[in-house]
Structure formats: C-alpha cells, structure tokens
Amino acid sequence: MEPRRQQGWAAQADLYRADPPGSGRPKYYVLEMLPYPSGQLHMGHVRNYSIGDALARYMRMNGYNVLHPMGWDAFGLPAENAALKNNTPPREWTLNNIAQMRRQMDRLGLSYDWRTEVTTCLPEYYRWNQWFFLRMLERGLAYRKRSKVNWCPECATVLANEQVIDGCCWRHEETVVEQRDLEQWFLRITQYAQELLDGLDALPGWPDRVRTMQKNWIGRSRGATIRFFLADAVGDDAEESAARRGKTPLPAAEGFDPEGLDRDAPGIEVFTTRVDTIYGATSLQLAPQHPAVESFAQADESLRREVEDLLEEQRRAREADDLATLEKRGAFTGRFAINPFNGERLPIWVANYVLLEYGTGAVMSVPAHDERDYEFAKKHGLEIRVVVLPRRTAEPAAAGEQDSPALPYVEEDSLVINSGRFSSLGCEEAQEKMAAFAAVCGFGGPDVAYRLKDWGISRQRYWGTPIPVLYCERDGIVPVPDDQLPVLLPDDVKITQQGGSPLGGVVEFVKAVCPRCGGPARRETDTMDTFVDSSWYFYRYADPGNAEAPFAREKIDYWFPIDQYIGGVEHAILHLIYSRFWTRVMRDLGLVANSEPAVRLFTQGMVIRNGAKMSKSKGNIVSPDEMIARYGADSTRMYSLFAAPPDRDLDWQEDGVAGVSRFLGRVYRLGMRYGQQVRSGAGAREYGESPVATGLLRELHKTIRKISQEFSGRWHFNTCIAAIMTLVNAITAAEPDLAQLPAAESTAVWCELLPNLVLLLAPFAPYLAEELGEVCGAAGPVHSQRWPQFDAELARDEEVEVPVQVNGKLRGVARVAPGAANEVLQQAAMSLERVQTAVAGKNIVKVVIVPGKLINLVVAAG
RNA sequence: GCCCGGAUGGCGAAAUCGGCAGACGCAGCGGACUUAAAAUCCGCAGGAGUUUACCCUCCGUGGGGGUUCAAGUCCCCCUCCGGGCACCA
C-alpha cells in the first residue's frame, strides 16, 4: 500500500509547496538539520525527520503556510576517502548518495517540497560561500595568520580536529598526530563574542542545555589586564637573588611611585580575574611560546634548552589530551619585572601550565590564592604570600600568621590585607578600585577575556569550497573579483595522501592572472571548512534558484526567523554558534533583518540500542531500510515517536516496532469495516443520546484536545500515540454496542469517529491516514484537510470519579457529577463502605477537598 | 575538578499545576479460533501477605532525612549512570 501511495504523492507536485510571501496565511518555517549524504539514512535521521514531519503536517493542517525544506551537506572528507577506496570521483559518489537518500526519504513519506532542495557542493550554492568570504575579507572579518594544525606524518597531510582520535590519526591508529605551524584563513567570530553571549538570553525557545554549552564555550571572564615593566637594571641585591634562582621577589627600588611609571616602557601584559591578589604575586609565569621568552632565550643557551623541553612536554600532553593533569614544571629566565602596584621586582619564569592562546599568554603567579600557582610554587619552593583572608579572621588585630586559612585560599567573599592603599577592602571592591587605579596610571585597566577563538576555516582538502583569493608576486593577497565567481572546483583531481592540498597539484587551477596588475598569480589551494556551508544553507531554501544574490531580501523578511529548528544536540556548539555568527554578519551586511536564525530549537535524543549508541564497531546498527521493508514506513516512523519522548534517548527495540505495526493493522481493518458506511452516510449527524455514542464521542474529543495540546506544548508525541491507541481500543470495545443502535445513529457515530481518527493519525502515519481518508470518501488528500476542532461540549464528562482518601490512603472512589458541591461530594464519599470502615469510631478532624480531583478525610483516634 | 541531564514493574514508558503510581505498548501467562501453527480476537498481569474464591491488608517511584492532610513531583544530604567542559589565569 505504501509504495502506491508514494507514487500518488510524487505525482502531485504542489502537495507540500509553500505559498510565496503575501499569501495571507500565517507562515511557519520548520527546519530539520540537513544530513551529510553518506548514502544511508540512519535511525537518528529517521527520528529527527519524523519529528519535523509530524510538526510540518500538523501546522499545514492548522492553516499555516509551511516551509519544510531539505538539503545536503555535501562537501567533506568521506567523499575523498571513497574516491581513494573505490576510485569514484567525489562528485559522482556524492550525487549518487544524494539520489539514494532522497529515495529513502520519499519512502519514509516525508513532506518536503523538493523544489527548494539545496546541495552545498554545487557551484550555484558554494559560489555564495565565496561571495560571503569576500564580503568578510573587505570588512576585516576574514584574515590570514599562522596557526597550529594537526599533521599526520604518515598521510603527510593536515587533519581536521574531528579526525584526531585520542591524539592519533584516524587512518593510522598508531601514528601520533603532530602540531605544525601553517598559514590559515580565519573568520573573526570573536568580534561577535559579546553579542553571541548576550543573544542567548533572548532565546527562551532554546533548550537551557544548549544555551549553557554555548555560554561556556564563549567563556567570558571579567578581570583586568596589567602591564609588568621589565626591570632592566639589576643591582647588587639582584645578584644575590638571582642566585636564589628567582624564588622570591626583590624589594621595590627606593622612592617607587606607581603614578610615576613610564607607561611606554617595555613590559609583559598579564590578564587576571583576581587583580585584588596582585600584592600576593611572587613571580610572573609565561607560556613557553610567549614572544618574550624567545628573546630571553636567545642570549641564554641553557634557558633555550629548558624552554624546548617545556614546549615538547606541553605539545605531547596536548596530543594525548592530558594537559590538565600534566605535572607543573618551569624554568627561571633570569629576568625580573616590576609589579606596578608596589614596585617589587618579580622573577620571570616560563611554565608549562600557561597557555599562549588564552588571555595574554602570561600570568601573575599568586600562589596563596590560586590552585595552579600554589601547586607550582610548592614544587619549586617559590614564596607564598597571603593577601586575602576570610572576613571573620580578617579583623586588623586578628590578622596574624596563625589565622591563615588553608591554602590556596580562593574564596572571593573575603577581605584584602597587606595591599597598600587597598588593604581591608572586600575582594570585589578591591578588584574594581585596583583596575581603575591601573587605568589612571596607564599600566592597565579593566578587561574581558573570552575562551572563544577565531574560526579557522582553511582545510587542506579537495572536496570543499575553494577559497577565492590569489597570491600575486607584486600585489600579495588579492581577492578574486565578484564577476569571476564562482571559483570552480576542478573535476579531474587526483586524490592522494601525499602532502598538502590536492588542488595544489592541478596546474591549470593554481596558475592565474592577477586581476590588479595582470601579472602571474597563484590561486589559493585550500578549501573551506564544511561548517561554512551549513552556517547559512537555511536561508537559501527561501530562494533556492537565485542567480544574482544568495537570496532576495523580501523572501528572508517573510520566512525568517525559523520558527522551529530540530536536530541533534551534538551540534549545540559548532554548527549552532557558527550559524548565529553568520546571521549577524549578514545582518551587518544589510542582507537580513534578524539577528538570530531560529527562535525555537529542539534537540532530540540519541537512538541507542542495548544501552549503547549505534555504531559499526558495536554491531548494533539497525537499518531504516530493513525496518521499512519489514514493517513499513508508518510503523517505523510512529515507533520512533512512540518509544520515548523526543528529547530523551530512545532505545530501539524491534518488538516495539512490531507492536506499532500491529496497532496500525487494527486501525486499517477498522477503517475497512466501516469505510463504506461512512462514505455513503457522509454528513450524518444524528447520533442520538445512547451512552455508547456519547461515550465514544467524548473519548474522541478528549483525544483531539490532548494531541492538539501536545503539539503546542511539550511535544510528548509518545503520549499522543498512546492516546490514539486508547481511543481505538475504546472504539473496538464498543463495536458490538454500536451495532445494536438504529442504523442512522451508528452511521452518524462512525461518520464522526472514523474521519477524525484518520486526521489525528495523519501527522504520525501519513500513509495509512491517506489510505483510510480515501476509503472514508475524503474529498482530496488528507494532508490538505483541516485539523479537527475540539468540541468542549462533546468532551464533557457526565460523571467524574473522585478518589477518596482517609489519612492520605486511598479507600475508594466516589462518583459525582462534574462540578458537584463539596457537600454532595463528601456525602458520596462517606457513603462508601470502605470509607466507613476506615472512619468508624474516629473523629473527622479535617476534610480536604480538591474540586474534581480528590477528597481526603483526616481522622484521629477517639 | 566544574556545569548540565537522568534513575519509576521483566523491558520502553505514563502521571503536564503537590492530589487514584504504573496509562499506552513490548515481552510473559491463560483462553477462543485452527487438524496444527502463524495471524487475529478475548482475558490476566508491581511486590508481599491472607484467602477455596471474591475480598482485604501492608510495602513500593536509586538511598537517607524533611515540609505537607497528601510527595515520583517541593527542600536538604548521599549513591550510581549518561553528556559537556576542563591547567581559561
């Protein structure tokens, strides 16, 4: 039955078409994350798309103009691997996979309008990646710099972070990945760090979990940047101190005055969230890669060797993903820097626990009030100086050594001591005043640091968007002019494992003419990260054929923001933060009005089996094709919605699919039994007053209410399906009674029950709904019909069952009319035999009545 | 280490606002139909006790405490499982 229906749908081109802007119906944009075209849909996709399709169908039936598109995240490394393995060109391989997966999606009965399909590996799409890149380049949002990359010596090529597994190459599990310095293109996402962070508060429709993850990823810290000036002249004291190998600071020079410091003198900048502890600083610690370290080491052979050791150690730990537990080691540089607050000269060290990438790559070490500094100082015998005490022991008189708290003491609700003019301030106040003081004196000030780093988009791969720049011997970096876009990815490229970008080997591609001087130029051979493709694909759906621009503004204004985005939580950070960034860039280019791509986000749970994520290595993969072949698309989809609420992990149990399939079979047979009757009795309304008729209609309308509520609320479709099952059970059980009614009445009941049941099924089991709709004589496709309206009158209970408790224990159920007076209810409760036994010989102390819900008699012995 | 989730029958789960714990389904058991099986239909089904049976009683939502007439649900403490981040200064 399903393949036949599928053909019928395919023939109706306009079935799922969205109207252009201005149609009058309210718009609704429901989007599911586009898949990578591996060639095989997996159960995670089935789940994701079943949720989205149910919603799309429901919204359509409720009169919305629904945009429900699908596309392909079609660039990426697997195509190159397949090329190597099967000798198939990546393009061919990818397009074949797309055709295959499209068939699978159609077979599932997903309601996409394929005319909006977007395929990111086609020039019509990726030319706009290049166009956006050029706009960013113009605005300084794209830039080039040297940076560390993962390098597999075996493949002689660069790897993406995702391809580094436990520090080794994914193709050569024994081969440790190295870090190499390469020139890379970056997008300045950090320029939007604050806005991306603030924007999260304006996204109440996003799961807290995702918002928290993004917040942590952006990692904003408020603090101060302080400049420690290099102490060039080291006097006699220093000789002695240097001999102590930089373990304690040297006292301030005579007549030191912070306000008299030369703000232009060379120094080392330090970012700290705890300026209030600066009087407790006893050294500076620099990242081994810090530029100052290099200059210090130039004149000092033994220091250079030590730094190299530290670098090597840090590198190895980084590869083993073991940085946090690395033993803290360091080396004294022999130099000193002036603490601008008190003039002390602090020994400058290099330490393996300081990271170049964060803050300024240098820290002031305050062992008494920082765990890492404490650990380091203990190990190397550095001075530890307490400058913060808990409020209760920090009374000036009591501030003796013996009152020192356990170190390191990091509590911020404390008082600052031994800190010059800032002594006895609270930590937070001291932080503010000290940062302000630094600003006044010109050696620093309040500052903010982010964990977020700029987005490196260069990939030394073939199957991606070519980065549209040229390198001219005379003019340097030259952007490809707009009218020369797209820079086409050449087709006949030999994919090898031998070093660097495959495009580098294509002479016709690399050789170019500089558009400025007409001289010879070399084309960039790196391609873009595929996250670029997925950062804006959902805009293209609104205007997929546009050859003049990525999209027309008025279409975006109509469709955006996305009303509901649905996908896996694994994209919570990367894809979803890049998309938010890209949208803001487009907004600042004047291309869109919205700042956020999607107002609501839903992250579905994983599909697992036997308690573990499905994977080849565990051998617990369930193939959608197999499920569909065995149980049909409706059963497969419906089970994926029935087995668990969509936000939770779903344990795939084939017996469960069989159960859903059985249920759908029951519904089918029910429809076949009464379809003829419904068709011929269309419009019959006189269902009479029989208890069986009113009872069933009540059940029907309660179910309508229940399901409608779920769609606009929690999306617990598992309970929707359970409700439909309950309804069907009630109908089946009442069949004999209905048969006893006068023919006109039973026909009228079936005419109300069956078509509405079909409508309720439509979002979850579209094939069966369509089939039965036809059987019942529906005028046109079920999925173009109106969602049934809940009738409060029909749903009203004649009688409610109110549980009766005595001292909180259930003793019976009283039956009363809904809205019955409390006295009536209590009367009914008291007349229950079990209640009387329980109350016998005791005093009723209190009666708790929750109208319509419960009655509780509180009794005491007596 | 820090931040999020989660824990309810043999299993997936339900109980949406503090008000009948286990809806719905799976597996299981019993029955009908059948030469038989499959399919289908009907019924039973948290645990313990008592009982010929009907009934009835007690216990029960990871563990311990608390608030309340009433707690799976709220508060405090703890255990286990899953995920994210992690030398972020």
Side-chain angles (χ1 to χ4, degrees), chain A residues 207-213 215-217 219-221 223 270-274 277 285 287 314 317 321-328 351-355 357-366 370-373 375-376 449-452 569-570 572-573 605-606 608 611-613 639 642-645 647-660 662-663 665-666 669 706 709-710 713-714 716 718-729 732-733 801-813 834 837 845-850 852-859:
Chain A
D208 285 345
R209 183 153 69 121
V210 173
R211 291 196 288 171
T212 311
M213 281 164 83
K215 215 172 181 166
N216 294 341
W217 188 261
R220 182 184 199 267
S221 298
V270 153
F271 176 78
T272 175
T273 55
R274 293 296 307 271
T277 64
Q285 303 289 341
Q314 208 185 48
D321 203 19
D322 205 20
L323 216 51
T325 51
L326 186 64
E327 190 191 352
K328 292 179 179 39
N352 62 358
Y353 71 93
V354 182
L355 306 173
E357 312 87 80
Y358 187 79
T360 60
V363 303
M364 62 178 204
S365 174
V366 185
D370 180 283
E371 288 198 23
R372 293 147 305 178
D373 294 341
E375 193 185 327
F376 186 85
Y450 298 93
R451 210 193 71 103
L452 183 72
V569 73
E570 64 272 18
I573 294 174
M606 285 189 306
I608 60 178
K613 200 174 164 174
Y639 173 74
F642 177 63
D647 52 335
R648 270 218 245 170
D649 285 353
L650 182 158
D651 197 89
W652 194 272
Q653 295 183 10
E654 195 171 327
D655 287 338
V657 192
V660 171
R662 266 200 294 276
F663 168 72
R666 256 183 22 242
R669 288 188 296 276
K706 158 81 186 162
Q709 269 172 2
E710 284 297 343
R714 313 181 298 174
H716 282 197
N718 54 329
T719 65
C720 292
I721 294 166
I724 296 176
M725 289 172 169
T726 308
L727 175 64
V728 170
N729 289 347
T732 323
E801 295 187 339
V802 178
V804 182
Q805 297 180 339
V806 177
N807 281 352
K809 283 196 171 131
L810 185 72
R811 294 300 176 201
V813 175
R834 285 179 60 208
T837 347
V845 181
K846 187 177 174 184
V847 179
V848 180
I849 295 179
V850 185
K853 283 273 193 184
L854 172 133
I855 173 165
N856 188 12
L857 307 169
V858 185
V859 299

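All chains are named by letter (A, B, ...) in the order of the sequence lines, taking the proteins before the strands, and each is independently numbered beginning at 1.
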What is the distance from [atom1] of [X] to [atom2] of [N], rounded to the nearest Å?
{"X": "A/Ile724", "N": "B/rC24", "atom1": "CD1", "atom2": "P", "result": "15 Å"}
{"X": "A/Glu375", "N": "B/rG1", "atom1": "CD", "atom2": "P", "result": "14 Å"}
{"X": "A/Asp649", "N": "B/rG5", "atom1": "CG", "atom2": "P", "result": "15 Å"}

Are [X] and [N] close enough that a side-chain N or O sits under 4.0 Å from OP1 or OP2?
{"X": "A/Arg451", "N": "B/rA86", "value": "yes"}
{"X": "A/Arg834", "N": "B/rC56", "value": "yes"}
{"X": "A/Ser221", "N": "B/rA89", "value": "yes"}

Is there a Watson-Crick or G-U wobble partner for [N] with both distances under 3.5 Å, and if so, which one is it?
{"N": "B/rC11", "result": "B/rG25"}
{"N": "B/rC2", "result": "B/rG84"}
{"N": "B/rU68", "result": "none"}
{"N": "B/rC41", "result": "B/rG31"}
{"N": "B/rU61", "result": "none"}

[X] side chain, from C-beta outward: closest of [options]:
{"X": "A/Leu355", "options": "B/rG19, B/rC87, B/rC4", "value": "B/rC87"}
{"X": "A/Gln653", "options": "B/rA89, B/rG12, B/rU40", "value": "B/rG12"}
{"X": "A/Thr272", "options": "B/rC87, B/rA89, B/rC20", "value": "B/rA89"}
{"X": "A/Arg666", "options": "B/rC41, B/rC88, B/rU16", "value": "B/rC41"}
{"X": "A/Arg811", "options": "B/rU57, B/rA14, B/rG19", "value": "B/rU57"}
{"X": "A/Trp217", "options": "B/rC59, B/rU57, B/rC85", "value": "B/rC85"}

- Please work out if A/Phe663 contacts a base, only the sugar-phosphate, or nothing of the nucleic acid, heavy-atom cut-off 4.0 Å. nothing
>> Categorize A/Arg714 for me: base, sugar-phosphate, or nothing, with a 4.0 angstrom heavy-atom threshold over every strand shown.
In response: base
Taking side chain as C-beta onward, heavy atoms only, is A/Ile855 less than 4.5 Å from A/Val847? yes
Exercise for review: Decide if atom CD of A/Glu570 counts as having more than 12 heavy atoms of other residues, nucleotides or ligands within a radius under 6.0 Å.
Suggested key: yes
For A/Asn807 and A/Asn856 the tightest heavy-atom approach is N-OD1, 3.5 Å
For A/Gln314 and A/Leu355 the tightest heavy-atom approach is NE2-CD2, 4.1 Å
In B/S/- notation (B base, S sugar-phosphate only, - none; protein heavy atoms under 4.0 Å), nucleotides 65-71 of chain B written 5' to 3' is ----B--
Donor + acceptor pair across side chains of A/Asn718, A/Arg648 (<3.5 Å)
no
Expected label for B/rG9 (glycosidic angle, syn inside 90° of 0, else anti) would be syn
Relative to its sugar, using the 90° cut-off around 0, the base of B/rC75 is anti
Quiz prompt | Row check, A/Tyr353 ring normal vs A/Lys328 NZ/CZ: under 6.0 Å, within 45° | solution = yes
